[in-house]
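The structure appears right after this line, and notes come after that.
A, B, ... follow the sequence lines: proteins, then strands. Residue 1 opens every chain. Note that this is a predicted model, so its numbers are computed, not measured. Values below: every heavy atom of this structure, side chains too, minus hydrogens, waters and symmetry copies.
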Amino acid sequence: MEYTFRTIEKKWKEYWKEHRTFSVSNHSPKPKYYVLDMFPYPSGAGLHVGHPLGYIASDIFARYKRLKGFNVLHPMGFDAFGLPAEQYAIETGQHPIKTTEQNINRYREQLDNIGFCYDWERAVRTSDPSYYKWTQWIFLKLFHSWYDRNTQKARPIAELISIFEIDGNANIPCPADEQICLDGNCWKGLSVEEQRDILMKYRLAYLGFADVWWCEALGTVLANDEVVNGVSERGGFPVEKRRMRQWFLRITEYAERLLDGLETLDWTEAMKEMQRNWIGKSIGAEIKFVVEQASDKAITVFTTRPDTIFGADFLVLAPEHSLVDDITTPAQQSEVNAYREYVRTRSERERISEVKLVSGCFTGSFAINPITQRPIPIWIAEYVLAGYGTGAIMAVPSGDQRDHLFAKHFNIPITNIFGARYSGEEAYMAKEGTLENSGFLSGIEISKAVKMAVDAIVEAGVGQGKVNYRLRDAGFSRQRYWGEPFPIVYKEGIAFAIDELSNHSIGEQSTLPILLPEVESYQPASSGEGPLANISDWVNTPVGQRETSTMPGYAGSSWYFLRYMDPQNDHEFAGRKATDYWREVDVYVGGTEHAVGHLLYSRMWTKALYDLGFISFQEPFKKLINQGMIQGSSRFVYRVHGTNQFVTYSRRNEMQVDEIHVDVSLVDGLLLDQKRFKAWRPEFANAEFLLEDDGSYICGVAVEKMSKSKYNVVNPDDIVAQYGADTFRMYEMFLGPIDVSKPWDTKGIEGVHRFLKKLWRLYVDEQKGWIVNQELPNAQELQVIHRTIKKIGEDIERFTLNTSVSQFMICVNELASLTCHKQRVLEPLAILLAPFAPHLAEELWQQLGHSTSIMDASFPDYEEKYITENSKKYPVAVNGKTRVELEFPLDMPEEMVKQAVLSHPIIMKWLEGKAPKKIIFVKGKMINLVV
RNA sequence: GCCCAGAUGGCGGAAUUGGUAGACGCGCUAGACUCAAAAUCUGGUUUUCGCAAGGGAGUGCAGGUUCGAUUCCUGUUCUGGGCACCA
């Protein structure tokens, strides 16, 4: 009997489905374990072999945990809202619901093909009204909440109103505008409009303004992705920034907790570091500079180096800064206007990464340095961003390279406050040494001067110490169709949540979910609003207009892990019993590209839901496993320029050639199938070949991203059809460590396939059939299997699954050479294999005489006594170079070992009669003689 | 530009805590079985000098620490990911 993987895999897939083997209950006496994959966006291209890498790893882990006695939640779903589906709709007129449905079905088939143990009964898709109802619901909770800095938690906005009615905002500074100051009476005297305006400045989901890419020619707002080299990707039209009213999430209030929470997480240090840098906490000071010509106007700068205030030679404002208009002198007005026009065409990335080109513009005004009383010029420049700090800096050219380049370029005189350490050529950026030429700070160590400077600033009443975060509030509006509609209606321009208005007054669509309406066209509205603005029946309600933006992609993905816990619940986003049972995700597997987006937003949503009392934990993902990418391995043919002749790899330099991607399926290793190549595309039908001496055509190779256009995409379905899902799963793991990128090479899969066939032959003989016997294993066999049990268990715990596959190979090679067919060895081996090659393991398990799924077996324990060796073959080195291997019992006294080593002829030869200076003996490791 | 990773044979990779560099597999190669092929099995395979025994070099590059460095430190080059509206 051969290893007939097709029959076996089909049989067990049907068995699992029929017996609901992977259906998970929220009630179990077993301890819980939650294993989650980052859910996919179902693109039209389907899955390629790179996508399932992480899914296979987490599937192995989930199955392992189940064998270890846990009740394992391992769900999958789809992040189904997004730009590509909408783009496709614009191009083809097909409704995103339809194309998304098709794509999801395709993904589902491809995933099922690989034999994952997902509980599909729990599947979610973010574009389902039954799902986005709760995305909208959470948005409303954020809208109805504010962040209490005193208790460091979110609270209902109703409680804020109660406080305002008594004390005003005396103890609750406004996060959006610290100038706002009111007492209880003052609050009560405000109009509803004024009150709501102030409340908006406290809400966790709030309306503000942000710059978006506007493309006049396309009449639409573009995503960063759709802007390439300063023009629209579609059509190449000019784009510019336009300020629009947008929803935001006040994630900045959570900055400190997001930072602190990292300490409790089992994530890689690199991942935590990226989040820390993104949050970007910096400690410094805000300093107020009064404008010389208009003493009622002041510019507040944020600096991390208040100690350098004596070296401040000019101020730089972001070109968008609200004071620019006020301070620009008539003489400079046209230059300032022109410069601001230019900046509107620049992306933030370009603005901050530009190093060669220094640009800026003088406003004509001067500001008074509040400590030195010296007037200094006020400039605007693109390297200062409106959204960071106060949108204004004090430039210290002798202490900051950026400022230094600027001063040199515009011939602004530089004050040296570092003496000889400032070269005049480059700024002195180090925070060591003493300050000079700095008034009362002269001669003071920089480390001490920072605090002294802040004290002086506070004393002078011109500023204060300040902690600043690079983190910005998260833009939450998209001028798009394919996303969650907002449950918001504008009544005379004021935003109301639908639950603040009576059902009657809004008319239809007055309760959650606010359904995404059908549209005629996916083109944006003329105003720059999204396509929803075109549906006047939907937009207009008896009380006012609905919000026409939709929510961004990360809305649905910020909380989906909670929905899996209780996916059918139609009166809560997830029942408290369910969330209390499953709690946070124990292991989350996904790519590092989500390091700061999705992973930060999910953390914030979790904290907000925790604060508001809806869940009992405040971090969503306890342990994070990063998964690398599988790259494509492209193949090239070389066409002689201007002809239809193709020259083989080794001769390509003999003539002028064009390198052309050739479909990898037409190539076996490097060998081109010439016949199929001719049939591939009409223009190659009459191709002629200039071949190697042996008549073969050898292709060129490059490792690139897997993509359709490079003809290097490998579909898992094809691999599964040819080798089986079990081989595919093990091969993906065998390729290398989970977290690094590596190229796909179909050729290599045969080794893994051979291994599974070899393993099969331990159990089944081609002629005799089932050959497992009941003999007792000997010491060697016990050592092999117990070593394997140990290694596989440790590897899975550490997610080093590539070495597990190696260990399986070693184990099978050894058992084969021992001709071991003993049930007591092969039964535990089948269980070890179950997470990796589940179909095959089930088949073996059944034939071993079991009537239930192998998933209900227990992972075997190893016994140290079968593994331990009592002697060690020591490498013996002289001066670090290994000269001989000598075997000694592990319990042999050190002195005796040394004696034996010294009297060994090879060692004596290397010692040349000299006595070694030192003998290093590391028990169980090595011996080194130093001469 | 900034932040975070990575670099080891012809290829994917192993070396878990500073202790035999190249496990395991691919590829290549020699052989067994076969009329032949497939499948399977056995041996060889970092490189260099050498008939061999044996020696030299070697983990991107340049230094350093150490009895000993793929592993730690400093600098540097290249590649990948992210940089706030791709998901």
Sugar-phosphate, base or nothing in reach of [X], heavy atoms under 4.0 Å:
{"X": "Gly82(A)", "value": "sugar-phosphate"}
{"X": "Pro40(A)", "value": "nothing"}
{"X": "Asn879(A)", "value": "nothing"}
{"X": "Leu471(A)", "value": "base"}
{"X": "Ser477(A)", "value": "base"}
{"X": "Val701(A)", "value": "nothing"}
{"X": "Leu83(A)", "value": "sugar-phosphate"}
{"X": "Lys881(A)", "value": "sugar-phosphate"}
{"X": "Gln246(A)", "value": "base"}
{"X": "His594(A)", "value": "base"}
{"X": "Ala595(A)", "value": "nothing"}
{"X": "Gln479(A)", "value": "base"}
{"X": "Arg798(A)", "value": "base"}
{"X": "Trp910(A)", "value": "sugar-phosphate"}

Does a side-chain N-to-carboxylate-O contact under 4.0 Å join Arg245(A) and Glu547(A)?
no

Is any NZ, NE, NH1 or NH2 atom of the basic residue among Glu794(A) and Arg798(A) found under 4.0 Å from an Asp or Glu carboxylate oxygen of the other?
no

According to the interplanar angle, ranging from 0 to 90°, do the rings of Phe476(A) and Phe486(A) count as parallel (below 30°), tilted (30 to 60°) or perpendicular (above 60°)?
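The arrangement is perpendicular - the two ring planes meet at more than 60°.
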
Parallel, tilted or perpendicular for Phe5(A) and Tyr3(A), by the 30°/60° rule?
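Tilted: the ring planes of Phe5(A) and Tyr3(A) meet at 30° to 60°.
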
Could you check which of [options] has an atom nearest any side-chain atom of [X]?
{"X": "Asp79(A)", "options": "C24(B), A87(B), G19(B)", "answer": "A87(B)"}
{"X": "Lys791(A)", "options": "C67(B), U16(B), G81(B)", "answer": "U16(B)"}
{"X": "Ser353(A)", "options": "G1(B), C4(B), C85(B)", "answer": "G1(B)"}
{"X": "Asn277(A)", "options": "A87(B), C3(B), C85(B)", "answer": "C3(B)"}
{"X": "Pro737(A)", "options": "C67(B), G13(B), C24(B)", "answer": "G13(B)"}
{"X": "Arg754(A)", "options": "C4(B), U40(B), G1(B)", "answer": "U40(B)"}
{"X": "Met809(A)", "options": "G25(B), G1(B), U40(B)", "answer": "G25(B)"}
{"X": "Pro84(A)", "options": "G19(B), C86(B), U40(B)", "answer": "C86(B)"}
{"X": "Lys747(A)", "options": "C26(B), G19(B), G12(B)", "answer": "C26(B)"}
{"X": "Ile920(A)", "options": "C67(B), U20(B), C4(B)", "answer": "C67(B)"}

Return the residues of residues 629-636 of chain A meeting this criterion: a heavy atom under 4.0 Å from some atom of RNA chain B. Order them by number, or give none.
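None - not one residue of the stretch has a heavy atom sitting under 4.0 Å from the strand.
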
[X] [atom1] to [N] [atom2]: how many Å, rounded?
{"X": "Asp668(A)", "N": "A38(B)", "atom1": "CG", "atom2": "P", "value": "13 Å"}
{"X": "Leu53(A)", "N": "G12(B)", "atom1": "CG", "atom2": "C1'", "value": "13 Å"}
{"X": "Leu911(A)", "N": "C67(B)", "atom1": "CG", "atom2": "P", "value": "18 Å"}
{"X": "Arg883(A)", "N": "A53(B)", "atom1": "CZ", "atom2": "P", "value": "16 Å"}
{"X": "Phe808(A)", "N": "G25(B)", "atom1": "CZ", "atom2": "P", "value": "15 Å"}
{"X": "Phe836(A)", "N": "G25(B)", "atom1": "CZ", "atom2": "C1'", "value": "16 Å"}
{"X": "Lys281(A)", "N": "C3(B)", "atom1": "NZ", "atom2": "P", "value": "20 Å"}
{"X": "Glu885(A)", "N": "U20(B)", "atom1": "CD", "atom2": "C1'", "value": "6 Å"}

Hey, does Gln479(A) have a side-chain heavy atom less than 4.5 Å from the side chain of Ser549(A)?
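Yes. Closest side-chain heavy atoms under 4.5 Å.
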
Of the non-hydrogen atoms in Asp79(A) and Gly553(A), which two are nearest, and what is the gap between them?
OD1-O, 4.0 Å

[atom1] gap between [N] and [M], integer Å:
{"N": "G6(B)", "M": "A52(B)", "atom1": "C1'", "answer": "43 Å"}
{"N": "C35(B)", "M": "U46(B)", "atom1": "C1'", "answer": "41 Å"}
{"N": "A21(B)", "M": "U29(B)", "atom1": "P", "answer": "30 Å"}
{"N": "G19(B)", "M": "G31(B)", "atom1": "P", "answer": "42 Å"}
{"N": "G80(B)", "M": "G60(B)", "atom1": "C1'", "answer": "15 Å"}
{"N": "U34(B)", "M": "C41(B)", "atom1": "C1'", "answer": "13 Å"}
{"N": "G63(B)", "M": "G50(B)", "atom1": "P", "answer": "29 Å"}
{"N": "G64(B)", "M": "G54(B)", "atom1": "C1'", "answer": "33 Å"}

Are Glu887(A) and Ser871(A) close enough that a side-chain donor and a side-chain acceptor fall under 3.5 Å?
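Note: Glu887(A) and Ser871(A) side chains meet the donor-acceptor criterion.
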
For the residue pair Lys241(A) and Trp214(A), would you count it as a cation-pi contact if the rule is NZ or CZ under 6.0 angstrom from the ring centre and within 45 degrees of the ring axis?
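Not satisfied by the 6.0 Å and 45° rule.
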
Presence of [X] side-chain N/O under 4.0 Å of [N] phosphate oxygens OP1/OP2:
{"X": "Asn802(A)", "N": "A14(B)", "answer": "yes"}
{"X": "Arg470(A)", "N": "A84(B)", "answer": "no"}
{"X": "Arg472(A)", "N": "A84(B)", "answer": "no"}
{"X": "Arg349(A)", "N": "C85(B)", "answer": "no"}

Tell me if the centroids of the rings in [X] and [Y] come within less than 6.0 Å of each other.
{"X": "Tyr132(A)", "Y": "Phe81(A)", "value": "yes"}
{"X": "Tyr383(A)", "Y": "Phe406(A)", "value": "yes"}
{"X": "Tyr131(A)", "Y": "Tyr560(A)", "value": "no"}

In Å, rounded to the nearest 0.5 Å, how long is the span from CZ of Arg761(A) to CD1 of Ile771(A)?
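Rounded to the nearest 0.5 Å, the CZ-CD1 separation comes to 10.0 Å.
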
Paired with U42(B): which nucleotide, if any, by Watson-Crick or G-U wobble criteria at under 3.5 Å for both distances?
A30(B)

Assigned chi class of G6(B) under the 90° convention is anti

Toward the 5' end of RNA chain B, by each residue's nearest nucleotide, Pro743(A) or Glu273(A):
Glu273(A)

Quick check: on RNA chain B, is the nucleotide nearest Phe39(A) upstream (toward 5') of the one nearest Trp278(A), or the reverse? Name the residue that is more 5'.
Trp278(A)

